[in-house]
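Sequence lines set the chain letters: A, B, ... in the order given, protein chains first and strands last, and positions in each chain run from 1. No hydrogens, no waters, no symmetry mates; every other heavy atom, side chains included, goes into these values.
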Amino acid sequence: MSGELLLKLELRSDPSMLCVVRGTMERLTEVLGFSAAECRSVTRAVDEAITNIMRHSYKNQPHKPIELQVLRLRPDARSGRGDGLEFLLCDRGPAVDPAKMQGRRLDEIKPGGLGLHFIRQSMDIVEFKRARGGNLLRLVKYLQPATPGEAGKRRESLADLGPTNR
Amino acid sequence: MSGELLLKLELRSDPSMLCVVRGTMERLTEVLGFSAAECRSVTRAVDEAITNIMRHSYKNQPHKPIELQVLRLRPDARSGRGDGLEFLLCDRGPAVDPAKMQGRRLDEIKPGGLGLHFIRQSMDIVEFKRARGGNLLRLVKYLQPATPGEAGKRRESLADLGPTNR
Amino acid sequence: MQISARRIDKITIFDVIGDIDLANSPEVRKALLKELKEARVPRVVMNMSKVRYIDSSGVASLVEGLKASRDVGSRFILFGLSPSAREVLQLSRLLKIFEVYDDEAQALA
Amino acid sequence: MQISARRIDKITIFDVIGDIDLANSPEVRKALLKELKEARVPRVVMNMSKVRYIDSSGVASLVEGLKASRDVGSRFILFGLSPSAREVLQLSRLLKIFEVYDDEAQALA
Ligand SMILES: Nc1ncnc2c1ncn2[C@@H]1O[C@H](COP(=O)(O)OP(=O)(O)O)[C@@H](O)[C@H]1O
Ligand SMILES: Nc1ncnc2c1ncn2[C@@H]1O[C@H](COP(=O)(O)OP(=O)(O)O)[C@@H](O)[C@H]1O
């Protein structure tokens with residue numbers, strides 16, 4: 001699946017750029033018609049994904065390149081998918097051990113291990129791969145589920161959030 | 001003069017992207033320590049420059065590429081320049097007739113012809129050039145004037161703004 | 001941006017929410033000209049208190065509203081300017097050309 | 001982000017302004033641990049009403065504050081959570097673990 005490129009953002013792995021990216025994402029999701037809660041949730045997922053690149057892929061070195069592409073996915077009658085957004089995050093860090101890509105159990109109370117949970121709770125698709133000497137994280141968020149099956153799946157994964165999130 | 005690349009943004013000439021770019025610029029200028037009024041002024045200049053590209057360079061065609069690079073300029077003892085930001089805006093539109101690049105007289109009251117004024121009133125340097133088959137607009141804003149001469153020049157060009165702008 | 005109209009006696013109040021820029025200034029222009037030129041409402045008031053940002057094309061739409069109001073002998077009023085909107089009118093040397101008030105009560109008085 | 005401390009009787013109140021993220025969560029952590037572990041203040045209160053956004057690293061700093069408060073037998077309190085901050089704690093299943101109040105009066109009671 002590939003959509004229309006809405007925006008490409010290149011930045012360095014300097015944590016002070018995170019709030020700049022959030023500023024971009026807040027407006028972009030607003031423009032695209034996401035609800036206020038969904039705007040916050042998508043912005044948070046992209047923010048946490050970049051935070052992970054800065055901390056884990058680049059081990060807090062602040063001058064490494066990060067690229068974020070945002071594509072618009074159009075409704076697709078064949079797959080029954082609705083309108084959506086695709087986020088492609090690329091870094092040039094070393095290959096990631098997929099076994100390590102895991103948050104902590106949420107019933108333990110300890111610092112850390114939350115970022116991947118936030119990303120998974122927000123996004124409909126989360127995929128990592130190694131490509132062209134870098135890491136590629138692909139996130140997809142549908143604007144409105146086009147089929148009842150999709151809607152059910154989405155609601156299920158958000159079941160424990162309570163009413164304020166939706 | 002060339003600085004450190006803070007951010008590169010690629011977008012299409014769709015006017016609904018303007019508010020996304022403003023979201024980015026508002027946060028970036030805030031992070032870099034500009035005053036609230038300066039953040040608004042720099043954001044406005046970049047917004048108006050992109051508006052001009054959409055309207056004039058691309059004649060309102062919404063799918064043409066626009067590139068914005070933001071570079072950090074470090075203080076330079078030799079030239080006496082302070083910290084600053086450089087904005088490079090590129091489009092692939094036809095060559096511009098420099099004679100047409102002119103706002104209206106501000107003492108006439110008629111619609112239009114304000115964008116270039118806003119850009120010049122905000123920025124310390126405004127330069128157009130034709131490069132590599134496209135148009136390049138270079139804007140520079142100093143964070144703090146490093147020499148009294150520079151400070152005087154800046155204040156002079158902002159003299160008619162009154163107290164609320166500074 | 002959202003623009004909606006309220007009518008109080010012979011006054012039309014436009015409530016604008018969001019930024020006015022190239023993406024929507026034609027819509028603002030159209031709404032203003034309809035009310036002033038077609039309906040010939042004697043007083044048209046723009047509630048700008050929820051307008052964080054207005055660009056040069058938005059200012060151009062307001063100037064068109066102002067011109068139309070002069071043509072038909074109506075009043076065209078702005079109130080609730082944000083710092084950014086105020087700056088833009090000042091930079092355009094239009095702040096003193098428009099009839100500007102702080103709040104709705106003054107604009108309707 | 002700016003963090004500043006006020007002292008009222010034996011309570012330290014941290015007023016935080018701005019987003020808490022990777023760029024500044026270590027600073028928040030340090031401020032909390034100093035007050036709880038070193039100064040052993042019996043009640044530390046975080047005024048979150050000006051915190052629009054808090055990321056996972058910010059939540060981690062708050063969890064460290066909570067742990068430190070339990071270690072020394074102090075109270076660690078949050079108030080004024082924004083929708084975003086509330087969501088993040090809910091997503092982390094921490095909203096019921098922290099002592100959370102709506103406003104300062106309740107947090108100091
Ligand atoms: N971009 C990344 N590159 C390398 N490792 C990653 C990346 N993102 C996540 N990880 C791994 O997944 C683990 C869990 O990530 P996360 O849930 O965000 O929590 P935290 O970052 O606090 O550890 C990390 O500790 C790290 O080992
Ligand atoms: N990026 C551009 N490409 C081509 N022409 C431009 C560009 N920017 C400005 N111009 C020219 O300069 C004129 C003045 O611009 P401006 O002050 O922004 O007012 P307006 O856009 O309302 O005309 C425009 O009418 C146009 O002829």
Side-chain angles (χ1 to χ4, degrees), chain A residues 12-23 25-26 35-56 58 60 62 66 103-122 157-166, chain D residues 1-2 16-33 36-37 46 48 50-71 76 78 80-100 102:
Chain A
R12 304 289 147 202
S13 49
D14 177 341
S16 63
M17 295 305 289
L18 286 164
C19 98
V20 178
V21 178
R22 290 197 299 275
M25 286 303 119
E26 282 164 9
S35 71
E38 279 176 326
C39 291
R40 290 196 295 271
S41 156
V42 169
T43 299
R44 180 181 302 126
V46 172
D47 181 67
E48 293 287 347
I50 299 180
T51 294
N52 276 348
I53 292 173
M54 292 174 176
R55 289 183 58 207
H56 302 301
Y58 287 138
N60 299 310
I66 299 175
R104 67 167 168 84
R105 289 178 49 187
L106 285 180
D107 48 10
E108 302 168 65
I109 299 167
K110 61 177 195 186
L114 294 170
L116 285 175
H117 286 294
F118 295 170
I119 296 170
R120 294 220 170 87
Q121 281 156 331
S122 164
S157 66
L158 288 159
D160 54 344
L161 302 191
T164 54
N165 183 273
R166 302 306 295 158
Chain D
M1 187 224 47
Q2 285 162 32
V16 187
I17 302 177
D19 297 3
I20 306 181
D21 66 11
L22 188 62
N24 51 50
S25 55
E27 194 184 334
V28 173
R29 176 180 178 276
K30 212 175 124 189
L32 287 177
L33 296 190
L36 287 161
K37 284 204 156 166
M46 293 284 281
M48 302 286 286
K50 299 274 167 57
V51 177
R52 222 175 4 183
Y53 183 82
I54 174 166
D55 79 346
S56 65
S57 78
V59 173
S61 294
L62 297 184
V63 170
E64 292 218 55
L66 180 68
K67 294 217 149 210
S69 74
R70 289 180 175 178
D71 288 348
F76 179 57
L78 313 176
L81 295 177
S82 67
S84 176
R86 187 170 284 274
E87 275 162 15
V88 158
L89 291 181
Q90 207 157 32
L91 288 165
S92 318
R93 303 214 192 127
L94 291 168
L95 195 54
K96 290 185 186 109
I97 307 293
F98 283 102
E99 195 174 344
V100 176
D102 288 341

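In this structure, chain A has a heavy atom under 4.5 Å from the side chain of D/L94, while its backbone stays farther away. Using a 4.5 Å cut-off between heavy atoms, A/M54 contacts chain D through its side chain alone, with no backbone atom that close.
Here the CG atom belonging to A/N60 is positioned 6.5 Å from the CG atom belonging to D/L22, to the nearest 0.5 angstrom. Note: D/R93 CZ to A/R105 CZ = 10.0 Å, rounded to the nearest 0.5 Å. If you take CG on D/L91 and OG on A/S122, they are separated by 9.0 Å, rounding to the nearest 0.5 Å. The distance from the CZ atom of A/R22 to the OG atom of D/S84 is 9.0 Å, given to the nearest 0.5 Å. The NZ atom of D/K67 lies 8.5 Å from the NZ atom of A/K110; values are rounded to the nearest 0.5 Å. Rounding to the nearest 0.5 Å gives a distance of 7.5 Å between SG of A/C19 and CZ of D/R52.
Within the 4.5 Å cutoff, side-chain heavy atoms of A/R40 are placed close to those of D/P83. Under the 4.5 Å side-chain criterion, counting only non-hydrogen atoms from C-beta, D/D21 is not in contact with A/P15.
Applying a 4.5 Å heavy-atom cutoff, the residues of residues 53-63 of chain D that approach chain A are D/Y53, D/D55, D/S56, D/V59, D/A60, D/V63.
Options A/I109, A/T51, A/T43 differ in how many heavy-atom pairs under 4.5 Å they form with chain D, and the most are formed by A/I109.
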